[in-house]
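In what follows, a single structure is set out as structure tokens and then discussed.
Just so it is clear: chains get the letters A, B, ... in the order the sequence lines come, proteins before strands, and each one is counted from 1.
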2 protein chains.
Amino acid sequence: MITPSREDYLETLFHLESEGVASTTQAIADHLQISAASVSENIKKMAIERFVVHSPYKGVKLTAKGRAVAIDVVRRHRLSERFLVDKLGIKWEEAHREAHRLEHGLSRAVEVRMFELLGNPETCPHGNPVPTLSGKIRDDHSHPLASLNVHDRARIVKITDEEPKQLRYLASIGLMPKTQIRVERKAPFGGAVIVRVGETAYALGNDIARSIWVRKTG
Amino acid sequence: MITPSREDYLETLFHLESEGVASTTQAIADHLQISAASVSENIKKMAIERFVVHSPYKGVKLTAKGRAVAIDVVRRHRLSERFLVDKLGIKWEEAHREAHRLEHGLSRAVEVRMFELLGNPETCPHGNPVPTLSGKIRDDHSHPLASLNVHDRARIVKITDEEPKQLRYLASIGLMPKTQIRVERKAPFGGAVIVRVGETAYALGNDIARSIWVRKTG
DNA sequence: CTCCTGATTTAGGTATACCTAAATCATACA
DNA sequence: TGTATGATTTAGGTATACCTAAATCAGGAG
């Protein structure tokens, strides 16, 4: 049985793998806000059920079976976010948390109709691609903000941070998907980036910059 | 903590009390499709937490605290049904089941915005009143179909049956809220009722008639 | 008024999903 | 090449939420 808890684990693994982060017990525990011991136990069971491959003391990887379920959950999550923001006017920075409550309750039939109602959206409100019904994820050809050079112009593609606090800040300075930016200055060694949005320049720390993905326009 | 399971119990108790049915262990077990033993245990715990009053071997009653939560769940349920039918085009007879999956995931904020999106609906698609945010339930002044006399004309107010099978049948003959009907004949002792809908007369068994509530129009 | 029957509860058991504390492992550095 | 340190797993425990089988209760028929 795929319980809401299982869905959360699979979703977490998908996120970590997408970000290129190793899916360690601790990383999963941090993301789910539970103890590493609980994660260890649960991962062991999910390995028996072939959702993941687990090399004890090494790491966890989604199997094709696990990835299929994970992508299904991610699709429901991102559609829920779209619905909450576009149809209900829920705040951009709250959409993630609210969608997390909603996503487990969407049947396939409801999810399919919701996709139509929303006009077959390609992304969530933060710019992350909505997987297709068949589980494909479009490449958005985006690159980390830090990969830009000074004076490059770019358009924001997506923001992968999920914390309301950070998202609220980014929204307040207009840094959202589709926003045009220009790199004014860069600190060395992957430090802060100074970015111009409209008429104003903002310094973005390493942490927040890592969650901003862009496509060069200039 | 009010878990989805707890919400289901409270919702069930609300339904049984609304229908004037005694909330026996067995009635609850039948409604939730679980064993009477499980219900007995769980009711004991819910009594300790003051959601219900339990007289062992006698019966269960919602407390004010339990009723408040129950009404909250019912509100979310009926709004979900409205949303599913009006916005997503989910079939009338499937709305109940789907709403049951969805209702547990709606936060207060989402529920409030959904209510607005739906145009402040007064009823669910089956005609049951949507409780107000403050927990009030409008009296719909409806009466059981069986209370009508031969040749009475009436308008359907609500249908309290939740089974897709029965609902599909009723929808197929046009028997839904707002439908005008006329009682053609009545079998004695609360037996079948023969009802005219449009040009056609249909015999409705006792079971199904009990779930149809009407307001006299003639 | 007793007994039978069906409803209810209790006893004992399972699975999930969490926890803390203790044991174990991997590896980086000294 | 040890060794200590931090990550991971195991051990042991709790709470929820279900189950079947057995015991107990209540109320109607005789």
Side-chain angles (χ1 to χ4, degrees), chain A residues 1-13 15-17 19-62 65-66 69-70 73 100-101 103-105, chain B residues 1-13 15-17 19-62 65-66 69-70 73 100-101 103-105:
Chain A
M1 197 53 231
I2 298 173
T3 61
S5 162
R6 280 278 196 286
E7 290 194 342
D8 288 345
Y9 275 93
L10 293 170
E11 202 176 9
T12 296
L13 287 167
H15 278 295
L16 294 174
E17 293 188 7
E19 290 164 20
V21 175
S23 298
T24 63
T25 301
Q26 195 56 54
I28 299 165
D30 289 347
H31 196 271
L32 290 173
Q33 307 249 63
I34 59 178
S35 74
S38 298
V39 171
S40 188
E41 276 182 289
N42 227 308
I43 287 294
K44 197 164 62 179
K45 288 183 193 163
M46 291 176 67
I48 291 167
E49 292 164 37
R50 302 269 180 265
F51 288 111
V52 298
V53 174
H54 185 209
S55 325
Y57 293 102
K58 294 291 177 59
V60 194
K61 279 221 165 62
L62 285 167
K65 176 185 175 186
V69 177
V73 180
H100 189 67
R101 295 187 55 171
E103 67 196 25
H104 304 297
Chain B
M1 198 53 232
I2 297 173
T3 61
S5 162
R6 281 276 196 288
E7 290 194 343
D8 288 345
Y9 275 93
L10 292 170
E11 202 176 10
T12 297
L13 287 167
H15 278 295
L16 294 174
E17 292 187 7
E19 288 165 21
V21 175
S23 297
T24 62
T25 301
Q26 195 56 54
I28 298 165
D30 289 347
H31 196 271
L32 290 173
Q33 307 250 63
I34 58 178
S35 74
S38 298
V39 171
S40 189
E41 275 182 290
N42 226 309
I43 288 294
K44 198 163 61 178
K45 288 183 193 163
M46 290 175 69
I48 291 166
E49 292 164 37
R50 302 269 181 268
F51 287 112
V52 299
V53 174
H54 186 210
S55 325
Y57 292 104
K58 293 292 177 55
V60 194
K61 277 220 166 62
L62 285 167
K65 176 185 174 183
V69 176
V73 179
H100 189 68
R101 295 188 55 171
E103 67 196 24
H104 303 297

Hits for side chain to side chain donor-acceptor pair (under 3.5 Å) against His15(A), two or more places apart or cross-chain, chain-then-number order -> none

Minimal heavy-atom distance between Val52(B) and Ile43(B), with the atoms involved, is CG2-O, 3.9 Å

The helix from dC1(C)-dG30(D) to dA30(C)-dT1(D): angle between terminal helix axes, five bp per end, to the nearest 10 degrees, reads 20°

Separation between OH (Tyr57(A)) and OG1 (Thr25(A)), nearest 0.5 Å, reads 10.0 Å

Here the gap from Leu32(B) atom CG to Tyr9(B) atom OH, rounded to the nearest 0.5 Å, amounts to 6.0 Å

Residues passing the ring-ring contact (aromatic ring centres under 6.0 Å, His included) test with His54(B), sequence neighbours excluded, are none

Protein N or O to nucleotides 16-21 of chain D N or O, pairs below 3.5 Å:
{"from": "dA17(D)", "atom 1": "OP1", "to": "Thr3(B)", "atom 2": "OG1", "distance (Å)": "2.3"}
{"from": "dA17(D)", "atom 1": "OP2", "to": "Arg6(B)", "atom 2": "NH1", "distance (Å)": "3.0"}
{"from": "dC18(D)", "atom 1": "OP2", "to": "Ser5(B)", "atom 2": "OG", "distance (Å)": "3.3"}
{"from": "dC18(D)", "atom 1": "N4", "to": "Glu41(B)", "atom 2": "OE1", "distance (Å)": "3.0"}
{"from": "dC18(D)", "atom 1": "N4", "to": "Glu41(B)", "atom 2": "OE2", "distance (Å)": "3.0"}
{"from": "dC19(D)", "atom 1": "OP1", "to": "Ser35(B)", "atom 2": "N", "distance (Å)": "3.1"}
{"from": "dC19(D)", "atom 1": "OP2", "to": "Ser35(B)", "atom 2": "N", "distance (Å)": "3.0"}
{"from": "dC19(D)", "atom 1": "OP2", "to": "Ser35(B)", "atom 2": "OG", "distance (Å)": "2.7"}
{"from": "dC19(D)", "atom 1": "OP2", "to": "Ser38(B)", "atom 2": "OG", "distance (Å)": "2.4"}
{"from": "dC19(D)", "atom 1": "N4", "to": "Glu41(B)", "atom 2": "OE1", "distance (Å)": "2.9"}

For residues 27-36 of chain B, the side-chain hydrogen bond (donor to acceptor under 3.5 Å, both in side chains) pairs (sequence neighbours left out) are Thr12(B)-His31(B), Gln26(B)-Asp30(B), Ser35(B)-Ser38(B)

Is the shortest side-chain heavy-atom distance between [X] and [Y] below 4.5 Å?
| X | Y | value |
| --- | --- | --- |
| Asp8(B) | Glu103(B) | yes |
| Ser23(A) | Lys61(A) | no |
| Leu10(A) | Val73(A) | no |

Distance test, side-chain N/O of Ser40(A) to OP1/OP2 of dT10(D), below 4.0 Å = no

* To do: Taking only the side-chain nitrogens and oxygens of His54(B), find out if one of them lies under 4.0 Å from OP1 or OP2 of dT9(C).
  => yes

Applying side-chain contact (heavy atoms from CB on, under 4.5 Å) to Glu41(B) and not counting sequence neighbours gives none

Taken in chain and number order and not counting sequence neighbours, the residues that satisfy side-chain contact (heavy atoms from CB on, under 4.5 Å) with Val21(B) are Leu16(B), Glu19(B)

Salt bridge (charged side-chain N to carboxylate O under 4.0 Å, His left out) filter on Glu7(B), not counting sequence neighbours, yields Arg76(B)

Rounded to whole Å, the CG-C1' distance (Asp30(B) to dT8(C)) equals 13 Å

Distances under 3.5 Å only, N/O to N/O: pair up the protein atoms with those of nucleotides 25-29 of chain D.
none

So salt bridge (charged side-chain N to carboxylate O under 4.0 Å, His left out) across residues 42-59 of chain B, not counting sequence neighbours, yields Arg6(B)-Glu49(B)

Taking N or O atoms only and anything under 3.5 Å, show me the protein contacts with nucleotides 3-6 of chain D, one pair per line.
none

